[in-house]
Student: 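Handing you a structure now.
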Amino acid sequence: QSAPHKDFKRHCYITWKSSRLPRSHAKDLAKFIAINSEYDFHFFDDKAQQAWMEENFPGSRILEIYNGMKFPAAKSGIFRYSIVWKLGGTYFSINRFTHLQIAQIIGNLDDFKLSFSKVTYPRESEFLGYPKEYKGLSIIEYTVSAPPGNQVLFNALRMIEDKAPLYWNKRFEKVSRAIWGIAGPYLLTDAVDKYLTDTGVNLEIQGFDFNDSLWVPRGLEFRY
(Lines give C-alpha, C1' and ligand atoms only; values in the text may rest on other atoms or scores of the structure.)
Protein backbone atom coordinates (compact mmCIF):
# COMPACT_ATOMS: atom_id res chain seq x y z
CA GLN A 1 0.00 0.00 0.00
CA SER A 2 1.07 3.59 -0.61
CA ALA A 3 2.58 5.63 2.22
CA PRO A 4 2.95 9.43 2.46
CA HIS A 5 6.00 10.81 0.68
CA LYS A 6 8.75 12.21 2.91
CA ASP A 7 8.08 15.66 1.46
CA PHE A 8 4.39 15.27 0.65
CA LYS A 9 4.03 19.00 -0.05
CA ARG A 10 5.92 18.63 -3.33
CA HIS A 11 3.60 16.04 -4.87
CA CYS A 12 0.66 16.80 -7.16
CA TYR A 13 -1.93 14.32 -8.46
CA ILE A 14 -3.90 14.75 -11.69
CA THR A 15 -6.54 12.44 -13.21
CA TRP A 16 -8.17 11.88 -16.57
CA LYS A 17 -9.98 9.00 -18.26
CA SER A 18 -7.01 8.09 -20.46
CA SER A 19 -3.43 9.10 -21.19
CA ARG A 20 -4.58 11.24 -24.14
CA LEU A 21 -5.70 14.87 -24.18
CA PRO A 22 -6.68 17.23 -26.99
CA ARG A 23 -3.56 19.02 -28.28
CA SER A 24 -4.40 22.48 -26.91
CA HIS A 25 -5.34 21.01 -23.54
CA ALA A 26 -2.09 19.05 -23.38
CA LYS A 27 -0.10 22.19 -24.16
CA ASP A 28 -1.79 24.06 -21.32
CA LEU A 29 -1.10 21.17 -18.95
CA ALA A 30 2.56 21.28 -19.98
CA LYS A 31 2.66 25.02 -19.16
CA PHE A 32 1.17 24.38 -15.74
CA ILE A 33 3.74 21.67 -15.01
CA ALA A 34 6.59 23.86 -16.27
CA ILE A 35 5.91 26.68 -13.79
CA ASN A 36 5.92 24.07 -11.01
CA SER A 37 9.10 22.28 -12.00
CA GLU A 38 10.06 21.54 -8.39
CA TYR A 39 6.97 19.34 -8.01
CA ASP A 40 6.55 15.65 -8.72
CA PHE A 41 3.40 15.18 -10.82
CA HIS A 42 1.56 11.86 -10.72
CA PHE A 43 -0.94 11.21 -13.52
CA PHE A 44 -3.72 8.63 -13.06
CA ASP A 45 -5.97 7.47 -15.88
CA ASP A 46 -9.13 5.53 -15.02
CA LYS A 47 -7.30 2.18 -14.87
CA ALA A 48 -4.58 3.57 -12.62
CA GLN A 49 -7.17 5.14 -10.30
CA GLN A 50 -8.98 1.82 -10.04
CA ALA A 51 -5.76 -0.02 -9.25
CA TRP A 52 -4.75 2.54 -6.62
CA MET A 53 -8.11 2.37 -4.86
CA GLU A 54 -8.02 -1.43 -4.82
CA GLU A 55 -4.49 -1.44 -3.41
CA ASN A 56 -5.06 1.18 -0.72
CA PHE A 57 -8.68 0.54 0.35
CA PRO A 58 -9.12 -3.24 -0.10
CA GLY A 59 -12.43 -4.61 1.17
CA SER A 60 -13.56 -1.17 2.34
CA ARG A 61 -16.94 0.51 2.11
CA ILE A 62 -15.42 3.45 0.22
CA LEU A 63 -14.03 1.08 -2.44
CA GLU A 64 -17.45 -0.55 -2.76
CA ILE A 65 -19.04 2.86 -3.31
CA TYR A 66 -16.30 3.89 -5.74
CA ASN A 67 -16.88 0.74 -7.79
CA GLY A 68 -20.63 1.33 -7.81
CA MET A 69 -20.51 4.93 -8.99
CA LYS A 70 -21.98 5.36 -12.46
CA PHE A 71 -20.55 8.79 -13.24
CA PRO A 72 -16.79 9.26 -13.81
CA ALA A 73 -16.85 12.74 -12.22
CA ALA A 74 -18.16 11.25 -8.95
CA LYS A 75 -15.49 8.54 -9.01
CA SER A 76 -12.90 11.26 -9.55
CA GLY A 77 -14.20 13.07 -6.45
CA ILE A 78 -13.85 9.97 -4.30
CA PHE A 79 -10.37 9.33 -5.65
CA ARG A 80 -9.09 12.86 -4.96
CA TYR A 81 -10.25 12.83 -1.33
CA SER A 82 -8.84 9.33 -0.88
CA ILE A 83 -5.38 9.94 -2.30
CA VAL A 84 -4.80 13.30 -0.61
CA TRP A 85 -6.09 11.93 2.72
CA LYS A 86 -3.78 8.93 2.38
CA LEU A 87 -0.64 10.57 0.96
CA GLY A 88 -1.01 14.31 1.52
CA GLY A 89 -0.12 16.88 -1.12
CA THR A 90 -2.24 18.48 -3.81
CA TYR A 91 -4.79 17.26 -6.31
CA PHE A 92 -5.64 19.30 -9.40
CA SER A 93 -8.55 18.55 -11.68
CA ILE A 94 -7.59 18.36 -15.33
CA ASN A 95 -10.12 21.13 -15.98
CA ARG A 96 -8.60 23.83 -13.73
CA PHE A 97 -5.05 25.07 -13.37
CA THR A 98 -3.62 28.06 -11.52
CA HIS A 99 -1.59 31.03 -12.70
CA LEU A 100 0.23 30.94 -9.36
CA GLN A 101 2.85 28.43 -8.37
CA ILE A 102 1.37 25.66 -6.26
CA ALA A 103 3.71 26.65 -3.42
CA GLN A 104 2.00 30.06 -3.24
CA ILE A 105 -1.34 28.37 -2.65
CA ILE A 106 -0.37 25.68 -0.16
CA GLY A 107 2.31 27.40 1.94
CA ASN A 108 3.53 25.01 4.63
CA LEU A 109 0.46 22.81 4.08
CA ASP A 110 -0.29 22.27 7.76
CA ASP A 111 -4.05 21.95 7.18
CA PHE A 112 -6.71 21.86 4.47
CA LYS A 113 -6.44 24.77 2.01
CA LEU A 114 -9.71 26.66 1.75
CA SER A 115 -11.16 28.77 -1.07
CA PHE A 116 -14.70 29.46 -2.25
CA SER A 117 -16.48 29.42 -5.57
CA LYS A 118 -19.41 31.67 -6.39
CA VAL A 119 -21.70 28.66 -6.79
CA THR A 120 -24.51 28.91 -4.25
CA TYR A 121 -25.09 26.15 -1.72
CA PRO A 122 -27.69 27.18 0.87
CA ARG A 123 -27.70 24.69 3.74
CA GLU A 124 -29.08 24.45 7.25
CA SER A 125 -25.84 23.39 8.96
CA GLU A 126 -23.47 25.98 7.47
CA PHE A 127 -20.52 26.96 9.65
CA LEU A 128 -21.50 30.22 11.31
CA GLY A 129 -18.06 31.81 11.30
CA TYR A 130 -17.64 32.49 7.58
CA PRO A 131 -17.34 36.16 6.59
CA LYS A 132 -20.50 37.56 5.04
CA GLU A 133 -19.23 37.42 1.44
CA TYR A 134 -18.82 33.62 1.60
CA LYS A 135 -22.08 32.66 3.28
CA GLY A 136 -24.32 30.35 1.28
CA LEU A 137 -21.58 29.48 -1.21
CA SER A 138 -19.70 26.27 -1.93
CA ILE A 139 -16.04 25.44 -1.44
CA ILE A 140 -13.60 24.82 -4.29
CA GLU A 141 -12.82 21.17 -5.01
CA TYR A 142 -11.13 21.60 -8.40
CA THR A 143 -7.97 21.51 -6.34
CA VAL A 144 -7.57 19.82 -2.96
CA SER A 145 -4.49 20.34 -0.77
CA ALA A 146 -3.96 18.91 2.70
CA PRO A 147 -1.47 16.99 4.84
CA PRO A 148 -1.92 13.21 5.09
CA GLY A 149 -4.67 12.10 7.47
CA ASN A 150 -6.42 15.47 7.31
CA GLN A 151 -9.71 15.58 9.19
CA VAL A 152 -11.60 17.48 6.47
CA LEU A 153 -10.94 14.70 3.98
CA PHE A 154 -11.67 12.04 6.58
CA ASN A 155 -15.04 13.76 7.09
CA ALA A 156 -15.61 13.78 3.32
CA LEU A 157 -14.98 10.05 2.97
CA ARG A 158 -17.26 9.20 5.90
CA MET A 159 -20.00 11.46 4.52
CA ILE A 160 -19.78 9.71 1.15
CA GLU A 161 -20.29 6.41 2.94
CA ASP A 162 -23.31 7.79 4.80
CA LYS A 163 -24.89 9.45 1.75
CA ALA A 164 -24.35 6.71 -0.82
CA PRO A 165 -27.51 4.70 0.00
CA LEU A 166 -29.60 7.81 -0.69
CA TYR A 167 -28.32 7.92 -4.28
CA TRP A 168 -28.62 4.34 -5.43
CA ASN A 169 -31.29 3.57 -8.05
CA LYS A 170 -32.59 7.13 -8.16
CA ARG A 171 -33.08 9.52 -11.06
CA PHE A 172 -32.01 13.16 -10.79
CA GLU A 173 -33.22 16.08 -12.85
CA LYS A 174 -29.64 17.39 -13.05
CA VAL A 175 -26.82 14.86 -13.06
CA SER A 176 -24.31 17.54 -12.08
CA ARG A 177 -26.23 18.37 -8.89
CA ALA A 178 -26.29 14.71 -7.91
CA ILE A 179 -22.52 14.49 -8.42
CA TRP A 180 -21.95 17.70 -6.45
CA GLY A 181 -23.94 16.27 -3.55
CA ILE A 182 -22.38 12.81 -3.31
CA ALA A 183 -18.71 13.55 -4.08
CA GLY A 184 -18.36 17.11 -5.40
CA PRO A 185 -18.28 20.66 -4.01
CA TYR A 186 -21.43 20.35 -1.90
CA LEU A 187 -20.05 17.25 -0.21
CA LEU A 188 -16.67 18.87 0.43
CA THR A 189 -18.37 22.00 1.76
CA ASP A 190 -20.29 19.87 4.27
CA ALA A 191 -17.02 18.23 5.32
CA VAL A 192 -15.33 21.60 5.89
CA ASP A 193 -18.36 22.97 7.75
CA LYS A 194 -18.24 19.98 10.11
CA TYR A 195 -14.51 20.35 10.68
CA LEU A 196 -14.72 24.05 11.53
CA THR A 197 -17.80 23.61 13.73
CA ASP A 198 -16.35 20.63 15.62
CA THR A 199 -12.83 21.96 16.17
CA GLY A 200 -13.02 25.74 16.26
CA VAL A 201 -10.01 25.86 13.93
CA ASN A 202 -9.69 29.10 11.95
CA LEU A 203 -8.69 28.19 8.39
CA GLU A 204 -7.42 31.02 6.21
CA ILE A 205 -9.80 31.65 3.30
CA GLN A 206 -7.97 32.27 0.03
CA GLY A 207 -10.73 34.33 -1.54
CA PHE A 208 -12.65 33.06 -4.54
CA ASP A 209 -10.98 30.56 -6.87
CA PHE A 210 -7.78 30.75 -4.83
CA ASN A 211 -7.52 34.50 -5.09
CA ASP A 212 -8.77 34.48 -8.70
CA SER A 213 -5.83 32.39 -9.87
CA LEU A 214 -7.67 29.40 -11.37
CA TRP A 215 -8.13 29.18 -15.14
CA VAL A 216 -9.77 26.78 -17.58
CA PRO A 217 -7.45 25.09 -20.11
CA ARG A 218 -8.25 25.14 -23.81
CA GLY A 219 -9.89 22.16 -25.49
CA LEU A 220 -11.55 21.10 -22.26
CA GLU A 221 -13.85 18.07 -22.24
CA PHE A 222 -16.17 17.63 -19.26
CA ARG A 223 -17.10 14.22 -17.89
CA TYR A 224 -20.79 14.48 -16.99
Side-chain angles (χ1 to χ4, degrees), residues 12-17 42 44-96 112-117 119-123 125-127 137-146 148-196 209 214 220-224:
C12 184
Y13 308 96
I14 297 178
T15 58
W16 185 234
K17 62 184 178 182
H42 308 270
F44 291 81
D45 62 14
D46 283 355
K47 289 183 179 180
Q49 290 175 68
Q50 182 71 41
W52 190 92
M53 291 294 295
E54 291 177 356
E55 178 184 358
N56 288 276
F57 292 87
S60 67
R61 174 69 174 144
I62 201 69
L63 177 61
E64 178 186 359
I65 294 168
Y66 177 86
N67 288 336
M69 279 291 173
K70 179 178 181 181
F71 301 108
K75 298 186 81 165
S76 174
I78 295 173
F79 177 80
R80 76 189 65 181
Y81 306 144
S82 298
I83 196 168
V84 178
W85 176 77
K86 180 85 172 179
L87 301 182
T90 297
Y91 172 95
F92 261 92
S93 292
I94 200 74
N95 61 4
R96 289 295 188 284
F112 180 85
K113 294 302 169 183
L114 177 60
S115 181
F116 279 83
S117 74
V119 175
T120 59
Y121 178 35
R123 53 208 187 272
S125 59
E126 180 175 8
F127 174 62
L137 300 176
S138 63
I139 286 166
I140 290 290
E141 48 82 56
Y142 296 127
T143 178
V144 175
S145 298
N150 182 254
Q151 187 64 42
V152 168
L153 301 181
F154 179 83
N155 290 349
L157 294 173
R158 297 295 81 81
M159 287 177 173
I160 290 170
E161 292 178 348
D162 292 342
K163 286 187 174 186
L166 303 176
Y167 284 76
W168 297 147
N169 301 316
K170 290 191 177 180
R171 297 177 67 88
F172 292 86
E173 182 178 346
K174 291 187 177 181
V175 171
S176 61
R177 295 305 173 107
I179 293 170
W180 293 355
I182 186 59
Y186 291 175
L187 182 283
L188 185 60
T189 302
D190 289 342
V192 173
D193 283 355
K194 177 174 172 54
Y195 176 61
L196 297 177
D209 294 324
L214 299 185
L220 179 67
E221 178 187 344
F222 285 103
R223 305 193 71 182
Y224 294 141

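Positions are given from 1 along the sequence.
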Student: Walk me through it: do Asp45 and Thr15 pass the test side chain to side chain contact (heavy atoms under 4.5 Å, CB included)?
Tutor: CA-CA 6 Å; Asp45 62 14; Thr15 58; over 6 Å; no
Student: Any non-hydrogen side-chain atom of Tyr81 less than 4.5 Å from a side-chain atom of Glu141?
Tutor: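 Side-chain contact under 4.5 Å: yes.
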Student: Determine, stepwise, if the pair Tyr195 / Leu114 fulfils side chain to side chain contact (heavy atoms under 4.5 Å, CB included).
Tutor: CA-CA 12 Å; Tyr195 176 61; Leu114 177 60; over 6 Å; no
Student: For a quick test of your reading: what N or O donor-acceptor pairs under 3.5 Å do the side chains of residues 64-75 make, sequence neighbours left out?
Tutor:
unit_1	atom_1	unit_2	atom_2	d
Glu64	OE1	Arg61	NH1	3.2
Glu64	OE2	Arg61	NH1	3.4
Asn67	OD1	Gln50	NE2	2.8
Asn67	ND2	Leu63	O	3.4

Student: If I take atom CG from residue Leu137 and atom OH from residue Tyr121, how far apart are they, to the nearest 0.5 angstrom?
Tutor: 12.5 Å
Student: Looking at every non-hydrogen atom in both residues, tell me the closest pair between Ile182 and Lys163 and how far apart they are.
Tutor: CD1-CB, 3.7 Å
Student: Before you tell me yes or no, could you show the steps for Val192 and Phe127 under side chain to side chain contact (heavy atoms under 4.5 Å, CB included), namely the whole-Å CA-CA distance, both residues' side-chain angles and the distance that decides it to 0.1 Å?
Tutor: CA-CA 8 Å; Val192 173; Phe127 174 62; over 6 Å; no
Student: Go through the steps to decide whether Phe112 and Val144 satisfy the test side chain to side chain contact (heavy atoms under 4.5 Å, CB included), and finish with yes or no.
Tutor: CA-CA 8 Å; Phe112 180 85; Val144 175; 4.1 Å; yes
Student: Does any part of the side chain of Ile140, heavy atoms only, come nearer than 4.5 Å to the side chain of Arg96, both counted from C-beta?
Tutor: no
Student: Within this structure, what is the CD1-CG distance for the pair Ile160 and Asn155, rounded to the nearest 0.5 Å?
Tutor: 11.0 Å
Student: Considering non-hydrogen atoms only, spot the tightest contact between Trp85 and Leu153 and give its length.
Tutor: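 Looks like N-CD1, 3.6 Å.
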Student: Without hydrogens or angle criteria, can the side chains of Tyr142 and Ser115 be said to hold a donor-acceptor pair below 3.5 Å?
Tutor: no
Student: Please enumerate all residues that pass salt bridge (Lys or Arg N to Asp or Glu O under 4.0 Å) together with Lys86, with sequence neighbours excluded.
Tutor: none
Student: How close do Thr90 and Ser145 get, counting heavy atoms only, and between which atoms?
Tutor: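 Shortest heavy-atom contact: OG1-OG, 2.8 Å.
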Student: Examine Arg158 relative to Phe154 and say whether NZ or CZ is less than 6.0 Å from the centre of the six-membered ring and inside a 45° cone about the ring axis.
Tutor: yes
Student: Is there side-chain contact between Arg177 and Tyr186, with at least one heavy-atom pair below 4.5 Å?
Tutor: yes
Student: For the atom pair OG (Ser125) and NZ (Lys194), what is the distance rounded to the nearest 0.5 Å?
Tutor: 10.0 Å
Student: Supply the atom-to-atom distance Leu187 CG to Ser138 OG, rounded to the nearest 0.5 angstrom.
Tutor: 12.0 Å
Student: Establish, yes or no, whether a centroid distance under 6.0 Å links the rings of Phe44 and Phe79.
Tutor: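 Yes - the distance between ring centres of Phe44 and Phe79 falls below the 6.0 Å cut-off.
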Student: Check Ser93 against Arg80 and note the closest heavy-atom contact, atom names and distance.
Tutor: OG-NH1, 3.2 Å
Student: Got a donor-acceptor contact below 3.5 angstrom from the Thr189 side chain to the Ile139 backbone?
Tutor: yes
Student: Would you give the length of the straight line joining atom CG of Asp46 to atom NZ of Lys17, rounded to the nearest 0.5 angstrom?
Tutor: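 Here the interatomic distance stands at 8.5 Å.
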Student: How close do Ile62 and Leu157 get, counting heavy atoms only, and between which atoms?
Tutor: CD1-O, 3.8 Å
Student: Once you round to the nearest 0.5 Å, how far does CG of Asp190 lie from CG of Asp162?
Tutor: 11.5 Å
